[in-house]
Each structure stands twice: as structure tokens, then as C-alpha cells.
Trainee: 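Right, I'll just put the structure down here and ask away after.
Just so it is clear, the structure is predicted and the values come from calculations on it, not from any experiment. Here is how names work: the chains are called A, B, and so on, in the same order as the sequence lines, proteins then strands, and each is numbered from 1.
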Amino acid sequence: MNATETTKLRTAARLTALTIFGLFWIVLPFWFLLVNSFKTEGAASVLSLSWPSPWNLVNNYRTVIEQGFFRGLSNSLIVAVPTILAVLLLGSMAAWIYARSGRKSLKFAYYLSILSILLPPGVIPTVYLLTQLHLNGSRLGYMLALAGTRLGIVIFMTTGFISAIPPYIEEAAYIDGASRIQVYRHIILPMIRPVLFVGAVFLAISVWNEFFLSIYLLPGQGESTLPLTLYQFASSSQFTLRWNLVFAFVVLSNLPLLIMYVIFQRRVIGGLTEGALNG
Amino acid sequence: MSRATSKATGVALKEQVTEGAGSGPPESTVPAVVPATSGPRRRRVGFSRISGLLFIVPSLILIVTFFIAPFVFNGAFAFINWTSFSNRLSWAGLGNFTYIWDFGVLGQAIKVTAIYAVVVMIVENVVSLALAVMLQRTSAVNSVFRTFFFVPVLISPLAAGYIWQAILSPHGPLNTLISAVIPGTFHYAWLGHSTSALICVASVEAWKWSGLTTLVYIAGLNSVPRSVLEAATVDGAGQWTRFWRIKAPLLGPAFTFNVVVTFVGALSAFDVIMSTTSGGPGNATTVLNVALYQQYAQGFFGNASALSLVVTGLVIATAVPLVTWLRRREVAM
């Protein structure tokens, strides 16, 4: 056997192994989720991998939508979109200053800012603080807590990114009389778009699926985000273990992020693997 | 701490890995970016202090108010008698800790959390490293597989929990598959027995995040300089030799990063457990954060703060030595 044949054989073995593993690791769980979301309650209770028969195409999804899906969706959008945009903007503004200054006090502020990457949030005092501010149970209070705990990662990533860029263009702009805001808007922002995209991906995953803080900070049903709505739905005695409905809710609540992924998947995977520098 | 945010540091790590591969010393792979120290020449040009402050103040206020302050106060609340039954707050000393210890909550939760974190770390890193080795080269087929294995990262941990709760149930598809292979019918309640429940739930957590860990390993593998690999090939090293003698030792930074992040992230586990076992059977999967929520829901805010402080303590106590120990084993290039 010559070298090319060995390589071909090896590739075939590798792809077979990946396919078989992928079948059990990814395809079967998601297949199971999807087919059972289209079954009747009786058929879904068997928990089989079989094709739905009879099809229950709309009923499960209709029930789920009637049980507050759109309220959860709109709350999630109201919370996630402004939070992500604000964190990206405020985080990158600060990161630029941290990356360009060697002052001790700023270095201290930088390290203070990135502590939240590793350390868990103090959730009970957060409830207490928001209660004192009359924000407990409100979406605004929850958004502030989200921003406080997620700015760190954006500052960390963006500071690293900007540090690797020589400051000559900015200096030239200052000499030409540009203000700091103009430099940020017209020079920095366009340059750091790759790292902001990666940051946006992480924030989307982390904010859209956030559950730990929301269960403490959003006790009212009216403010529940999608994960919280799903949890309340699946935990209510009325729907628990009615897998056809729980699965329909799981499918619907994860659909927005999955659709975004289908649109941006090449950039997402590329950005995360090649590193933000080349993204 | 959210796993997603903490894992994002992997990207920053990768940036440094690429730089380090070319020129820098291995120190440049520390997963903590120190802001570049610019010379005084740079500071002089057009910089007014006030406008610079305006750029950092908004984020600093948000972080200090909604992360640092609660974090610091959590240390105080843990030593205060505070329940929903009384408006009076009083100094408790170690009272909250002895209370939850005497009721068996604290010891059990620490034990469960530690086992959970170890299982997540092992399962996630083994699966991800194997996938990364197979998907390392950038090709059209590999891109499809990478995209594909990343999907669980996007779904909510709660959703992952519900899917796997059904798969693992006594009459679920896993047991059906096992019954098809072995003789007789198999109806084991994976989530109904203490040990298997803990291992299964931790594995679901690993399943949910392994796509991201894989990408960090792929980035690490690709940072190994091609010239070194080519030299080895010329010298007659085969695929296995190249992996074990060259790539594996040079994978140090990515390995360090993934081991620390998977372990430390799993110490804060909550979502997957709430949607699979809610801490059961009994308290077999009641990790610290689940115990925290139970104490909070019952109105024991002081006890809840004490448990929260234990999570913080565990994170600091394991992250610092783990990073130090693993970094010492990294190969200098």
C-alpha cells in the first residue's frame, strides 16, 4: 500500500468515526426533540424516536404560544438587545482607554473590571440592592445586573485586541485635530469590528439563555424572559412531563438563536476558531 | 458566573497563542491581558484626562455598582442573621455556616459540587480534545462538522436538561438502544439513582458546552508552528509521534485554559440541574447553587449568602492553584 492510499484510508476512517459519533451526540437528541414536539400527548409519553403518527402539527405549538410564549419572547428581546448593544459600546470605549494608557490607576480599574469573568456574582446582595433602588423584579434592574456581570469579558477581549494595534493612526488623527469621540467613532470602532462580533456572539449566547440571575431578579410572571417562561411552564403541575408540550416550548424558545446561527454560522465558527484577530 | 462569558476568554487566549507561536516567549500565553504600557510619548498627543475618564466611567459605574459591590457585600451578608420572617438583622458570626453544616446541607453540597465539576471537566475535555484532533485541519467537510458539533452551545442549558431528562428516563430512547444491543429489556432509571444521576447530569453539562471547548482546542492545535511539524515529518515522525511528542506538549495553553474554565464554570452549575433533577434524587445532585436557591426560596437569606460565599471560595481556591500548577507543566518554546 502506498502513502496516498494510507492517507485516503485514514481520512475515510476519520470521517466514519465522526459521522457515527455525531449521529449519537447531536442528531439523535435533536431528532428526538423535534419528532416528539409533533406528537400527541399519548404518543410522546412513549418517548420513542419514531416518526410522528398521527401528526400533531400545530396543536402543541398553539398551546405553547397560548401559554405565554410571545410574552417571554418580547421580554427576552427587550432585555437582550439593549443590554448587548450597551455592553459592547461601553465596554469597547473603556477598553480603548485601558489599552492605550499605562497609568497605574487605570490598570487597577481594568483589573477591577475583568474580575467578573471568573468570580460568581453575589446574587443575594444584588436582590437587596435592586430592592433598595426600587428596581427589583423589573426588567431594567435585571438588565443592569446583566451589564455589570458581562462588561468584564468584553473589556478583556477588546483591550487585548486594541493593544495589538499600533496607535499611529490615532496619533495622526489627533494631530489633525480630531476629538476623542471622533477618533473612537471613525477609527477605533471600524477597526475593532471583528472582536466586537465575537463579543456579540458570546453575549447573545450568555444573555439570551441566562437563567441563574433571572430566577432571583424577575420573580413576576409578566417580566419573565424565555428561559424563565420555559422553566415555569415545564415546572407547573399542569404541564410537567407532557413531553409533546415541553418539547414544543424548547424548540420555540431556542429557535431565535438557532436562526441567527444558520445565518451567521460561517462567521461565528470562523471568528471563534481563527481568533478575533483574523476574524 | 456564566460559562458562556468565561469561555469567551478562549478567544483572547487564541490571539495570544498566535502571537506567541511566531515570536514571543511562552509567557505571552497567560490568559490575562495586561494593557499595553504605552510610552509617555503616546500619552502626550491630544489626550485630555477628562475626555478619557468619560470613556471609562460608564462601564466602571455599572461594574462597581452591580458586580463589585454585591460581591463584597455577599461576604458580609454571609455572617448576618437575615430571614424573610423578621425585619431585624443581627450579627450571626459563623451561625449561618454552622446551621447549614449541622443540617447536612453544606457538606453534601460541597461534595456534590466537587464531584460534578470533576466529571464535567473530564468528560468535556476528553470529548472536545478527540473532536479537535479529528477536526483540526481546515477543510470543507471539517467546517460542516465543526458547525454541527457547535449547535448544543447555542441552546439554553435548561433546554439541554429537558431533552436529556427524557432521553435518560427509564423508558427513554437510551434504554431502548441499550435493550437493542444487550439481551433482555433494560429500564434503568439513570436519573433515579444517586451516583448515576450525578454523573449523567454532569455529562449533560459537558455535552452542552463541548462544542466551544473543541474550538479552543482546534485553535490551540493550529497554533503549533508548521515548520516544527514539517521538520519532524522529514525526520520520519509519523502521525502519532507528531501528536504525542510535538502537538500535545505544545497544547499547554489551550489545555490549561480549558481545564480551568470547565472546572471553575461547573462549580457555578445551576441551570442543567434545575431542569433535569432539581437537585434530586434526595439531595444527590444538590450542588451549592441549587442549595443556595433552596435556602433563598425558603427565606433564609443569610444561609443563602453563606452558600454563595462558599462557591466564591471554591472558585478562588481551585482556579489559582490549578492555573499555577498547569502552567508549570507547559513546555517552553
Trainee: Within a strict 4.5 Å, meaning less than it, do heavy atoms of the A/Y110 and B/I56 side chains meet?
Mentor: no

Trainee: Between chain A and each of B/S156, B/A130, B/A319, B/G75, count heavy-atom pairs under 4.5 Å; write down the option with the most.
Mentor: B/S156

Trainee: At a heavy-atom separation under 4.5 Å, does A/L144 approach chain B through its side chain, its backbone, both, or neither?
Mentor: both

Trainee: By a 4.5 Å heavy-atom criterion (distance strictly below it), what part of A/N209 contacts chain B: side chain, backbone, both, or neither?
Mentor: both

Trainee: Counting heavy-atom pairs closer than 4.5 Å to chain A, which one of B/W82, B/W164, B/W207 comes out on top?
Mentor: B/W207

Trainee: Heavy-atom distance under 4.5 Å to chain B: side chain of A/L130, backbone, both or neither?
Mentor: side chain

Trainee: Contact part of B/T176 toward chain A, heavy-atom cut-off under 4.5 Å: side chain, backbone, both or neither?
Mentor: neither

Trainee: Taking the side chain as every heavy atom from C-beta outward, state whether A/L28 and B/L177 have any pair of such atoms under 4.5 Å apart.
Mentor: yes

Trainee: Please give me the minimum heavy-atom distance between A/G148 and B/F66, naming the atom from each residue.
Mentor: CA-CB, 4.2 Å

Trainee: Write down the atom of A/A17, the atom of B/M134, and the distance for their closest heavy-atom approach.
Mentor: CB-SD, 4.3 Å

Trainee: Hey, are the side chains of A/S113 and B/F67 touching, using non-hydrogen atoms and a 4.5 Å cut-off?
Mentor: no

Trainee: Below 4.5 Å, heavy atoms only, C-beta onward: do A/W208 and B/L154 meet side chain to side chain?
Mentor: no

Trainee: Any chance you could measure A/F212, atom CZ, to B/M274, atom CE, to the nearest 0.5 Å?
Mentor: 10.0 Å

Trainee: Considering only heavy atoms, which portion of B/F145 lies under 4.5 Å from any heavy atom of chain A: side chain, backbone, both, or neither?
Mentor: side chain

Trainee: At a heavy-atom distance under 4.5 Å, which candidate from B/T147, B/V57, B/I218 has the highest pair count against chain A?
Mentor: B/T147

Trainee: Could you tell me which non-hydrogen atom of A/L47 sits nearest to which non-hydrogen atom of B/S169, and how far apart they are?
Mentor: CD1-OG, 3.0 Å

Trainee: What's the verdict on ring-ring contact (aromatic ring centres under 6.0 Å, His included) for B/F77 and A/Y128, showing C-alpha distance, side-chain angles and the deciding distance?
Mentor: CA-CA 10 Å; B/F77 281 13; A/Y128 181 78; 5.4 Å; yes

Trainee: Carefully, step by step, assess B/F301 and A/V127 under the rule side chain to side chain contact (heavy atoms under 4.5 Å, CB included).
Mentor: CA-CA 10 Å; B/F301 304 140; A/V127 176; over 6 Å; no

Trainee: Would you say the side chain of A/L18 lies within less than 4.5 Å of the side chain of B/L131, judging by non-hydrogen atoms?
Mentor: yes

Trainee: Taking atom CZ of A/F197 as the centre, report whether more than 12 heavy atoms of other residues, nucleotides or ligands fall under 6.0 Å from it.
Mentor: yes

Trainee: Is chain A contacted by the side chain of B/L309, its backbone, both, or neither, given a heavy-atom distance below 4.5 Å?
Mentor: neither

Trainee: Heavy-atom pairs under 4.5 Å with chain B - which of A/T158, A/T126, A/L213, A/V201 has more of them than the others?
Mentor: A/T126

Trainee: Donor-acceptor check, side chain of B/N74 to backbone of A/P125, threshold 3.5 angstrom: yes or no?
Mentor: no

Trainee: Less than 4.5 Å to any heavy atom of chain A: does that hold for the side chain of B/F270, its backbone, both, or neither?
Mentor: side chain

Trainee: Quick one: what part of A/R266 sits under 4.5 Å from any heavy atom of chain B, side chain, backbone, both or neither?
Mentor: neither

Trainee: Which bit of A/F247 comes within less than 4.5 Å of chain B, counting heavy atoms only: side chain, backbone, both or neither?
Mentor: side chain

Trainee: Between A/W25 and B/V127, is there a side-chain heavy-atom distance shorter than 4.5 Å?
Mentor: yes

Trainee: What part of A/L133 lies closer than 4.5 angstrom to a heavy atom of chain B: side chain, backbone, both or neither?
Mentor: side chain

Trainee: For A/F202 and B/L212, what are the C-alpha separation, side-chain angles and deciding distance, and is it a side chain to side chain contact (heavy atoms under 4.5 Å, CB included)?
Mentor: CA-CA 11 Å; A/F202 278 109; B/L212 203 50; 3.7 Å; yes

Trainee: Apply side chain to side chain contact (heavy atoms under 4.5 Å, CB included) to residues B/F148 and A/Q265 and explain how you reach the verdict.
Mentor: CA-CA 10 Å; B/F148 189 66; A/Q265 47 99 356; over 6 Å; no

Trainee: Checking side chain to side chain contact (heavy atoms under 4.5 Å, CB included) for the pair A/V250/B/I155: CA distance, chi angles, key distance, verdict?
Mentor: CA-CA 9 Å; A/V250 166; B/I155 67 170; over 6 Å; no

Trainee: Looking only at heavy atoms, which two atoms of A/P29 and B/I163 are closest? And how far apart?
Mentor: O-CG2, 3.9 Å

Trainee: Does any non-hydrogen side-chain atom of A/I124 lie less than 4.5 Å from one of B/L292?
Mentor: yes

Trainee: For A/P227 versus B/L158, what's the shortest heavy-atom pair and its separation?
Mentor: O-CD1, 3.2 Å

Trainee: Checking ring-ring contact (aromatic ring centres under 6.0 Å, His included) for the pair B/Y162/A/F249: CA distance, chi angles, key distance, verdict?
Mentor: CA-CA 10 Å; B/Y162 290 123; A/F249 210 126; 9.4 Å; no

Trainee: What part of B/N142 gets within 4.5 angstrom of chain A, counting heavy atoms only: side chain, backbone, both, or neither?
Mentor: side chain

Trainee: Could you tell me which of B/V311, B/I61, B/I68 has the largest number of non-hydrogen atom pairs under 4.5 Å with chain A?
Mentor: B/I68

Trainee: Working to the nearest 0.5 Å, report the span between CG of A/L90 and CG of B/L62.
Mentor: 6.5 Å

Trainee: Looking at A/L49, I'd like to know if its CG atom is crowded, meaning that more than 12 non-hydrogen atoms belonging to other residues, nucleotides or ligands lie closer than 6.0 Å.
Mentor: yes

Trainee: Does the separation of the ring centres of A/Y216 and B/Y293 fall below 6.0 angstrom?
Mentor: yes

Trainee: For A/F32, is it the side chain, the backbone, both, or neither that has a heavy atom closer than 4.5 Å to a heavy atom of chain B?
Mentor: side chain

Trainee: Which pair of heavy atoms, one from A/L118 and one from B/V315, lies closest together, and at what distance?
Mentor: O-CG1, 3.7 Å

Trainee: In Å and rounded to the nearest 0.5 Å, what is the CG to CD1 distance from A/L33 to B/I167?
Mentor: 8.5 Å

Trainee: Can you tell which of B/V72, B/L215, B/I316 has the highest number of heavy-atom pairs within less than 4.5 Å of chain A?
Mentor: B/L215

Trainee: Heavy-atom distance under 4.5 Å to chain A: side chain of B/V64, backbone, both or neither?
Mentor: side chain

Trainee: Compare all side-chain heavy atoms of A/I155 with those of B/I63 and state whether any distance is below 4.5 angstrom.
Mentor: yes

Trainee: Name the member of A/T19, A/L89, A/V87 that forms the most heavy-atom pairs with chain B at distances under 4.5 Å.
Mentor: A/T19

